[in-house]
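What follows is a single structure, written as structure tokens, with notes after it.
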Amino acid sequence: VTRSQLAERDGFGRVLRAEWTKFRTVRGWVIGMVVAAALIDLVGLFAAGQGNIACSPGPGGPTKTGQACIPPVPLGPGGEAVTDSFYFVRQPLAGDGTITARVTSLTGRYGGGAGPASAAGGPLSNIRPGVQPWSKAGIIIKASTTQGSAYAAMLVTGGHGVRMQYDYTGDVAGLPGAVSAASPRWLRLTRSADTITGYDSADGSRWAKVGAVTLPGLRATVQAGMFATSPAYVQLTHSFGGSTGQVGPSLATGVFDHVSLAGDRAGTAWAGDNIGDQGAYGPQTSQVEGYRQAGGTFTVTGNGDIAPVGAGPASSVGPTAPIEEHLAGAFAGLIAVVVIGAMFFTAEYRRGLIRVTLAASPRRGSVLAAKAIVVASVTFVAALGASIVAVVVGTRLSRAGGQFVLPVSRLTEVRVIAGTAALLAVAAVLALALGAMLRRSAVAVTIAIAGMVATYVLGVAQVLPAGASEWLLRVTPAAAFAVQQSIPAYPQVNDQYTPPAYFPLAPWAGFAVLCGYAALALGLATYLLRRRDA
Amino acid sequence: MSEPEGRGAAWTEERGTSDEGRRCLKGAPEASGKHSMSRQAPAGERPGGGQTSIRDCLHAEWTKVRTAPGTIWLLAAAMVLTVGVSTGAAAATRCPSGAGCPVDVTKLSLTGVQVGQALVAILAVLMISAEYGTGMIRTTLTAIPRRSAVLAAKAAILTGLVLAAGTAGVAGSVLAGRLILPGHGFTPANGFPPPTSPSPFLSLAQGPVLRAAAGSVLYLALVGLLSLGAAAALRDSAVAIGAVLALLYLFPIVAAVAASQNWYRHLEQIGPMTAGLAIQATTGLRGLPISPWAGLGVLAAWAAGALLLGGVVLSRRDA
């Protein structure tokens with residue numbers, strides 16, 4: 001380290017200190033930061049704490065509120081909330097073994113249900129034939145009949161060919177095409193210790209391996225058999241002014257033959273179980289769900305899904321909230337920090353302080369850098385504290401009010417909270433740079449707010465058609481709000497993957513878009529600051 | 001740094017010592033020279049001691065706004081953005097044939113108003129904040145000590161400018177929708193009127209379309225007045241524009257996360273933007289949280305409240 005480098009570093013340290021002194025001695029800016037933090041919490045806690053959510057009358061009683069609303073939501077092996085509800089024709093399988101079956105048909109019905117819409121004609125009225133794209137029938141090896149237990153399955157679907165699915169989030173594609181009597185599908189699962197391997201075949205003689213999966217800690221005796229299940233049907237019309245949608249239960253019926261279970265089994269008879277029955281068809285559920293055995297042919301009908309619970313409207317576990325719903329206040333906080341960020345530079349011009357500043361440290365780039373560091377650090381710290389409070393307290397309030405807060409891993413929670421704070425910090429830097437470029441705080445503030453908040457309103461409040469809003473959330477700085485998305489989009493679950501629950505870009509990719517804008521603005525601001533007369 | 005600290009003895013308030021107060025509103029009996037600006041201000045700046053009439057106030061404000069470098073660009077940008085965003089929204093929307101699309105084409109072709117309003121807000125905020133930024137406000141209030149008259153004159157000039165620019169922007173938006181949408185499936189086959197019929201597609205001859213279009217122009221003017229009042233109350237341009245845009249854009253965001261339907265409707269009913277834009281709806285009026293004219297009334301109440309607050313702050317506080 002040479003002396004000149006030391007002097008330079010010392011010089012930047014002094015500039016940094018000068019800018020920090022400027023920031024902390026202006027009462028309005030300190031108050032503004034406190035206001036930003038308070039807004040984040042106020043809006044977030046408002047979203048969470050609106051009292052108890054009234055549930056519709058349950059099948060066995062009057063209207064319930066609060067915790068009683070939510071049936072216990074099972075958690076999968078990965079800790080995520082899952083739906084685990086299907087009709088299971090099973091036998092115990094002790095130790096290693098193989099189950100094979102041929103599926104000759106998968107049909108479905110949808111509509112009806114125990115909801116208020118069909119109350120007049122009963123749950124089975126208004127039911128129509130039709131298979132859902134992710135209706136499933138196939139063979140499964142499952143740790144136990146407990147909901148949320150580990151599994152691996154080979155299955156045929158209504159519209160996505162043969163799949164191997166495991167532990168709720170895993171999904172591997174097998175043979176494509178629909179199943180029919182003319183074009184049946186042979187499915188096979190082989191257990192060897194903790195590893196389960198799936199195969200499929202079109203003719204029962206040439207088998208192809210689809211995938212192998214390890215289910216750690218699988219017990220010696222597991223349950224193996226056939227299943228059928230069908231998720232809620234979703235019909236959404238994306239349009240201007242919102243998406244109108246219909247959601248309702250559906251049924252899938254799979255026909256199996258050539259069923260064989262090879263291994264040491266504990267029993268020899270097949271038993272039927274309606275796992276996690278959701279009562280979608282009310283008291284008539286047993287009329288439509290179940291299985292028939294005629295010779296070697298099994299006909300299994302079920303309703304439900306074996307899948308992770310998403311944050312979209314088709315998730316059927318009742319009122320759910322992802323954790324980021326408690327961070328909606330970030331928009332309010334964003335407006336406050338953008339105002340402070342822009343003023344942190346433009347105020348220098350108003351009082352002519354800029355001439356003193358630039359006389360004291362003629363390296364203009366480092367003045368801008370020091371201001372950026374100061375405003376970003378202060379914003380990050382204030383927003384981080386507020387976001388932690390909003391998520392931690394908001395989650396509790398939501399739970400107390402009867403909402404199911406979708407569980408996420410600790411790492412995801414940290415990413416959502418720290419990402420929100422970082423988003424606000426970078427937005428403040430963007431506003432600072434815009435202020436330095438334009439010297440007019442009103443225009444700088446408006447551009448920053450229009451770029452992040454107005455575009456989000458246009459894109460999310462369903463003002464624009466779906467395609468345009470997705471485009472907006474890719475190319476504008478509002479893309480950064482993707483960092484708040486805590487529940488990933490699952491392609492194997494039919495749902496509405498639109499904001500505010502889902503963003504078109506991956507979390508950090510969206511954040512990078514904002515950083516790109518901020519870097520561009522900082523570069524331009526440095527260039528203009530050096531070239532222009534102060 | 002953010003607060004003007006340097007106002008010193010030269011600008012101390014003095015009450016009831018001059019006759020300037022009478023000058024702006026001719027014959028206004030209550031104009032007793034309250035809050036005259038400056039003790040140095042000579043009683044008769046204008047040779048001959050002529051009195052400042054409302055026309056003079058308007059003329060002064062008109063000259064200021066006309067010669068400010070940003071005005072024409074902001075008005076042009078408001079117009080261009082309104083038309084541009086509306087055109088983009090229309091171009092991005094398609095009606096698949098036979099599906100029957102529940103699209104409010106009038107509202108769709110007026111989408112740009114939601115962005116154009118931000119520029120109207122800048123213009124309005126700068127009409128006051130820029131004067132505080134440069135110290136011009138002291139000259140203004142010296143010339144016209146009756147402060148409410150200054151605000152009224154600014155409001156009148158602003159309203160005129162925004163009505164003109166807004167009419168152009170809204171007319172352009174409707175025209176764009178008329179030209180683009182029939183090519184995107186909004187045809188008689190899908191239940192939309194053809195261009196040649198007694199009540200043609202998106203024609204201002206239809207009552208609801210005219211109401212939506214004229215209401216959108218009024219909406220922009222009211223957003224301008226709301227911003228003007230906020231700027232008079234808050235003074236600093238960055239703070240004022242931040243507050244106005246927060247008022248406009250935060251209501252729909254907070255409403256969207258409100259878990260209960262009641263809260264959602266209430267927030268949509270009281271938000272200046274969410275309520276005010278109800279004026280653009282021409283279909284599904286029953287499902288709206290608030291009826292079109294009542295919604296515009298909510299925005300008008302916001303604007304009136306902001307102007308009142310701005311007027312009181314302007315009269316009470318030292319400039």
Side-chain angles (χ1 to χ4, degrees), chain A residues 22 25-29 32 39 43-44 46-48 50-51 53 237 239-241 244 319 321 325-326 328-329 331-332 335-336 338-340 342-343 346-348 350-351 353 398 401 403 435 440-446 449-450 453-458 460-461 463-465 467-468 471 500, chain B residues 1-6 70 74 81 85 88-89 91-95 99-105 107-108 111 114-115 117-119 121-122 125-126 129-130 133-134 231 236-243 245-246 248-250 252-260 262-263 273-274 281 283-284:
Chain A
K22 279 185 213 168
T25 51
V26 176
R27 209 176 30 173
W29 297 345
L39 282 174
V43 176
F46 162 80
Q50 289 164 51
I53 291 159
T237 351
S239 65
F240 174 72
T244 42
E325 199 162 295
H326 308 107
F331 292 94
I335 291 180
V338 158
V339 168
I340 297 168
M343 285 176 81
T346 54
E348 297 248 353
R350 215 169 72 186
R351 304 258 158 258
L353 183 65
S398 283
Q403 294 224 54
R440 282 177 171 242
S441 43
V443 182
V445 166
T446 309
I449 294 178
V453 182
T455 47
Y456 182 86
V457 170
L458 281 178
V460 173
V463 173
L464 289 177
W471 179 82
Chain B
M1 239 156 33
S2 69
E3 276 289 304
E5 309 285 357
L74 283 169
L81 259 184
V85 172
T93 311
R94 258 155 237 283
C95 180
C101 17
V103 174
D104 187 341
V105 284
K107 194 168 179 185
L108 173 66
T111 306
Q114 306 201 22
V115 180
Q117 63 179 352
L119 286 136
I122 302 185
V125 164
L126 286 183
S129 296
T134 57
D236 186 276
S237 60
V239 178
I241 197 81
L245 295 184
L248 292 177
Y249 292 124
L250 283 185
I253 291 178
V254 177
V257 297
S260 83
N262 270 345
W263 268 106
M273 170 170 145
T274 46
T283 61

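Below, read A as the first sequence line, B as the second, and so on, with proteins coming before strands; counting in each chain starts at 1.
Ranked by heavy-atom pairs under 4.5 Å with chain A, the list B/S237, B/G70, B/A238 is led by B/A238. In terms of non-hydrogen atom pairs under 4.5 Å with chain B, the most contact-rich of A/T25, A/T346, A/L39, A/V339 is A/V339. Ranked by heavy-atom pairs under 4.5 Å with chain B, the list A/I340, A/T455, A/I335 is led by A/I335.
For A/A342, no part lies under 4.5 angstrom from a heavy atom of chain B. Residue B/I122 touches chain A through its side chain alone, counting heavy-atom pairs closer than 4.5 Å. Neither the backbone nor the side chain of A/A450 comes within less than 4.5 Å of any heavy atom of chain B. Of the two parts of A/V443, the backbone and the side chain both hold a non-hydrogen atom closer than 4.5 Å to a non-hydrogen atom of chain B.
In terms of heavy atoms, A/V453 sits closest to B/I253 at CG1-CD1, 3.8 Å. The shortest non-hydrogen separation linking A/V457 to B/P252 is CG1-CG, 4.1 Å.
One finds the OG atom of A/S441 at 5.5 Å from the CG atom of B/D236 (value rounded to the nearest 0.5 Å).
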Derivation and outcome, side chain to side chain contact (heavy atoms under 4.5 Å, CB included), residues A/L458 and B/V115
CA-CA 9 Å; A/L458 281 178; B/V115 180; 3.7 Å; yes
